Q: 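Below are the structure tokens for one structure; questions will follow.
All figures in this text were calculated on a predicted structure; none of them were measured in a lab.
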Amino acid sequence: MPGHPAVHRPHDHPLRPADPADQHQLLLTACATAGFPPRVRHDAVDWYAVAALVAHGFGICLVPRLAPVPERCPVVRVPLRGEPLPVRRFLAAVRRGSARQPPVARGLAALRAAAGEREAKGV
């Protein structure tokens, strides 16, 4: 679907996101939804390096909301639109039986509450 609002197609210097485990697949899906294959030319494994590449005009990338971007870096986060939007899931792993320990239980409850707040906001 050329012109799809989920992804703006760069005409040169595409940039692959840093985390090949999931970010690369998200990039492929977003570009396929928009109707074009990405031309990956750069790899970086650090979000600061990715932001620097983008800031210097070497392409675009998908950056999770929780990933850090240096304040001094002249880049702008643009939320994706359209369907399908990428979704991430977070899992908390604890040692068997430790979820009943008060500090661990409080931590898990705080994570659930934070996730519920973000879900309620549509974030």
Side-chain angles (χ1 to χ4, degrees):
M1 299 184 317
H4 191 279
V7 177
H8 172 69
R9 178 179 164 163
H11 293 290
D12 51 14
H13 308 303
L15 176 67
R16 183 171 137 191
D19 184 358
D22 61 355
Q23 295 300 310
H24 184 66
Q25 187 57 49
L26 288 175
L27 177 67
L28 295 177
T29 300
C31 291
T33 299
F36 68 93
R39 291 187 331 256
V40 176
R41 299 290 183 262
H42 306 283
D43 280 310
V45 294
D46 176 84
W47 290 117
Y48 283 70
V50 171
L53 286 166
V54 171
H56 286 87
F58 290 106
I60 65 167
C61 68
L62 294 179
V63 179
R65 286 184 202 110
L66 297 177
V69 173
E71 289 184 26
R72 67 186 181 283
C73 210
V75 298
V76 177
R77 290 182 190 249
V78 178
L80 294 179
R81 299 184 317 252
E83 296 293 331
L85 287 176
V87 177
R88 296 183 87 176
R89 293 182 181 237
F90 292 89
L91 302 174
V94 298
R95 187 173 36 188
R96 186 174 310 180
S98 67
R100 293 185 294 270
Q101 298 294 324
V104 176
R106 285 192 300 272
L108 292 172
L111 289 171
R112 285 187 194 100
E117 289 171 11
R118 292 182 65 81
E119 187 173 337
K121 291 178 184 176
V123 179

Q: Quick one: does R77's side chain have a donor or acceptor within less than 3.5 Å of a partner on P64's backbone?
A: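 Yes, the answer is positive, given that a donor and an acceptor are paired below the 3.5 Å cut-off.
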Q: In Å, rounded to the nearest 0.5 Å, how long is the span from CG of L53 to CG of D46?
A: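 L53 CG to D46 CG: 10.0 Å, rounded to 0.5 Å.
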Q: Shortest non-hydrogen contact from V104 to S98?
A: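 Heavy atoms only, the tightest pair is CB-O, 3.3 Å.
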Q: Residues in side-chain contact (heavy atoms from CB on, under 4.5 Å) with A55, at least two apart?
A: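 Applying side-chain contact (heavy atoms from CB on, under 4.5 Å) to A55 gives C73, P74, V75.
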Q: Quick one: closest heavy-atom pair of V50 and C61, and the distance?
A: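 Of all heavy-atom pairs spanning V50 and C61, the closest is CG1-SG, 3.2 Å.
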Q: With sequence neighbours left out, write down each residue that passes side-chain contact (heavy atoms from CB on, under 4.5 Å) with R72, or none if nothing qualifies.
A: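 Scan of R72 (side-chain contact (heavy atoms from CB on, under 4.5 Å), adjacent residues dropped) gives P70.
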Q: Please name the pair of heavy atoms, one in A51 and one in V69, separated by the smallest distance, quoted to 0.1 Å.
A: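 Minimum heavy-atom separation between A51 and V69: CB-CG1, 4.0 Å.
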Q: P68: what forms a side-chain contact (heavy atoms from CB on, under 4.5 Å) with it, not counting sequence neighbours?
A: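 side-chain contact (heavy atoms from CB on, under 4.5 Å) check on P68 returns W47, Y48.
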Q: Taking side-chain contact (heavy atoms from CB on, under 4.5 Å) as the definition, give me every residue that meets it alongside R96, ordered by chain and number, with sequence neighbours left out.
A: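 For R96 there are no side-chain contact (heavy atoms from CB on, under 4.5 Å) partners, ignoring immediate neighbours.
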Q: Could you identify which residues cluster with V78, counting Ile, Leu, Val, Met, Phe, Trp and Tyr as linked when any side-chain heavy atoms lie under 4.5 Å apart, either directly or through a chain of such contacts?
A: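 Answer for V78: V76.
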